[in-house]
**Student:** 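Can you read through this structure? Questions will come right after.
These numbers were taken from a predicted model, which means no experiment stands behind them.
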Amino acid sequence: MELIKTDVLVIGGGSGGLSVAAGAVQMGARVVLLEGHKMGGDCLNYGCVPSKALLATASMAHAQGGNAAMGVEFAEKSIDYGTAKDFVASVISQIAPHDSVARFESLGVDVIEAFGRFISPTEVQAGDRVITARRIVIATGSSPLVPPIPGLSDVPYYTNETVFDLRERPDHLLIIGGGPIGMEMAQAHRRLGSEVTVIERQNVFAKDDPELSAIVVQKLRDEGIEIVEEALAQSVSGKSGDITVSTTQGEFHGTHLLLAVGRKVNTERLNLEAAGIDYDRSGIKVDAGLRTRNRRVYAIGDVAGGLQFTHVAGYHAGVVIRSMLFGLPAKAKRNHIPWATYTDPELAQVGLTEAQARARYGARLEVVRVDFDGSDRAIATGKTTGMIKVMVVKGRPVGASIVGAGAGELIGIWAMALANNLKISAIAATVLPYPSMGEINKRVAGAYFSPRLFESRFIRWLVALVQRFIP
């Protein structure tokens, strides 16, 4: 065995692990990175990047239908599903060099292309190497959950790790799971010409505001997607090209099956018991600073449980770098973490939903609502379907929910407000270009202050006093 000593050992070359490795080595630490599969992890190869690329091709296909109200119509629509998948692959290949072994070795990281397993609280074996490190960061991410549905093992199915390799367009895609992955893939495939049925055991978009998610659901149904809620999948049968899913709401037939029921954390290879690290099905147990019971070891991103988003892993990386390299206190917070589902219209959230805020704050809560149809830019571009709700307590936002065009971009200003404990007056004081969709955020601040300014007897009295006595 080759013995290696280092300052920081990172297990996992996904977004979180790469952020730790790049940050630590560029600040002077010796870093070893272990990755036994693909650099870039799930996000680059199977998740965020390919799904958004496929959604872009689907949006282009949808736009071929034109818009009669704008005076633009097309006689025919041509879609090549295989070429669309070529585009997805090209997007991955363009981004991959940024996450490659070569780039990280050029930064000074010792990259070992092997899986790692603990053999003691301070040692990790990777192939024929044993690495001893002062600090270890577990960033192994998550992978698709395959539920124990009777008959599933005898039927061909796809997950997000395999669906992007599919070259022939499904005639009828059955999707089990109505979360972000399932709903994005549903709209993408429908716009690329497939019939689509979504089967969800609860309600689709279960983590989002139900009033706003209903707007997206109606849009998807209007596009021809069959969405079946409160339907528990009881069995699967059939063969390639002829698959049946039997549920509590009846049977559904299709040619292809996609599983999008959730994620499971990647801990099975790690031999965590040897390191004295506690974990369960939801992830590795960490404290507020993302440290495990073994104080030398941190866990970040999906494998640490909690919100499973690429940007969370990147945020966690910054938290542990502060602790590992500088010995400074650092804690990971959740209240300012946004997320978005990139359907059309988009759905985004940060902080508390209205229901959560009412449960916590009761009568102290104010909910400010603005519809997109009041935005001049939305009217000019024909994107008036949407609304924003901001939950405010004592002048400070505690949550924001947005549905509509560009919701994933619009949510950023509210994430900033929550992260920095800003008052809504800070949003009101921000000057934004006209006409832009971003003005919708400022309209919310205006809606919050309008009754305080225009319906206040004190303000009217004060203005009258000033006009009377000040020349």
Side-chain angles (χ1 to χ4, degrees), residues 1-47 49 92 95-143 265-272 275 277 284 286 290-292 294 296-304 310-326:
M1 289 287 177
E2 178 185 355
L3 303 180
I4 300 174
K5 290 186 177 182
T6 190
D7 297 320
V8 178
L9 169 62
V10 181
I11 307 176
S15 58
L18 294 181
S19 295
V20 172
V25 78
Q26 290 180 97
M27 285 189 273
R30 295 173 299 165
V31 179
V32 173
L33 171 67
L34 305 181
E35 176 52 67
H37 192 33
K38 291 186 176 183
M39 293 284 282
D42 185 85
C43 179
L44 171 62
N45 298 289
Y46 313 117
V49 171
I92 295 173
I95 299 174
H98 184 267
D99 294 346
S100 67
V101 172
R103 174 175 181 265
F104 277 80
E105 287 181 338
S106 73
L107 293 175
V109 177
D110 183 1
V111 181
I112 300 174
E113 296 181 75
F115 293 106
R117 63 187 297 273
F118 284 92
I119 57 175
S120 79
T122 60
E123 296 173 301
V124 173
Q125 182 177 342
D128 59 358
R129 298 175 176 90
V130 173
I131 303 101
T132 302
R134 294 184 63 256
R135 296 289 181 263
I136 300 172
V137 179
I138 302 173
T140 49
S142 64
S143 52
V265 294
N266 295 329
T267 56
E268 62 276 3
R269 296 177 183 268
L270 293 170
N271 192 27
L272 295 171
I277 296 172
I284 293 173
V286 295
L290 302 171
R291 263 182 169 169
T292 69
N294 179 340
R296 290 178 178 267
V297 182
Y298 298 79
I300 66 172
D302 290 6
V303 78
T310 296
H311 49 281
V312 172
Y315 165 63
H316 283 176
V319 173
V320 300
I321 284 176
R322 177 184 175 92
S323 175
M324 290 190 308
L325 300 189
F326 300 103

**Student:** Can you see which heavy atom on Ala96 is nearest to which on Leu44, and at what distance?
**Tutor:** CA-CD2, 3.9 Å

**Student:** Can you see which heavy atom on Asn266 is nearest to which on Ser143, and at what distance?
**Tutor:** OD1-OG, 2.9 Å

**Student:** Does the Thr292 side chain pair with the main chain of Val297, one donor and one acceptor, at a distance under 3.5 Å?
**Tutor:** yes

**Student:** Under the criterion side chain to side chain contact (heavy atoms under 4.5 Å, CB included), which of Leu9, Leu3, Ile131, Val130 is the partner of Glu123?
**Tutor:**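 Testing Glu123 for a side chain to side chain contact (heavy atoms under 4.5 Å, CB included) against Leu9, Leu3, Ile131, Val130 leaves exactly one candidate, Val130.
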
**Student:** I'd like to know if the side chain of Gln26 and the backbone of Gly28 have a donor-acceptor N/O pair within less than 3.5 Å.
**Tutor:**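 Not a single qualifying donor-acceptor pair exists.
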
**Student:** How far apart are the closest heavy atoms of Arg296 and Arg134, and which atoms are they?
**Tutor:** NH1-O, 3.4 Å

**Student:** To the nearest 0.5 Å, tell me how far His316 NE2 sits from Ile321 CD1.
**Tutor:** 13.0 Å

**Student:** Enter the distance from Asp128:CG to Glu2:CD here, rounded to the nearest 0.5 Å.
**Tutor:** 7.0 Å

**Student:** Using a 3.5 Å distance criterion without hydrogens, assess whether the side chain of Asp7 forms a donor-acceptor pair with backbone atoms of Arg30.
**Tutor:** yes

**Student:** Between Asn271 and Phe118, which heavy-atom pair has the shortest distance, and what is it?
**Tutor:**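 That would be ND2-O, 2.8 Å.
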
**Student:** Is a side-chain donor or acceptor of Ser106 paired with a backbone partner of Arg103 at a separation under 3.5 angstrom?
**Tutor:**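 Yes; at least one donor-acceptor contact below 3.5 Å.
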
**Student:** Roughly how far, to the nearest 0.5 Å, is CG of Leu290 from OH of Tyr315?
**Tutor:** 8.0 Å

**Student:** Just verifying a value: how many Å separate Glu113 CD and Leu34 CG, rounded to the nearest 0.5 Å?
**Tutor:** 11.0 Å

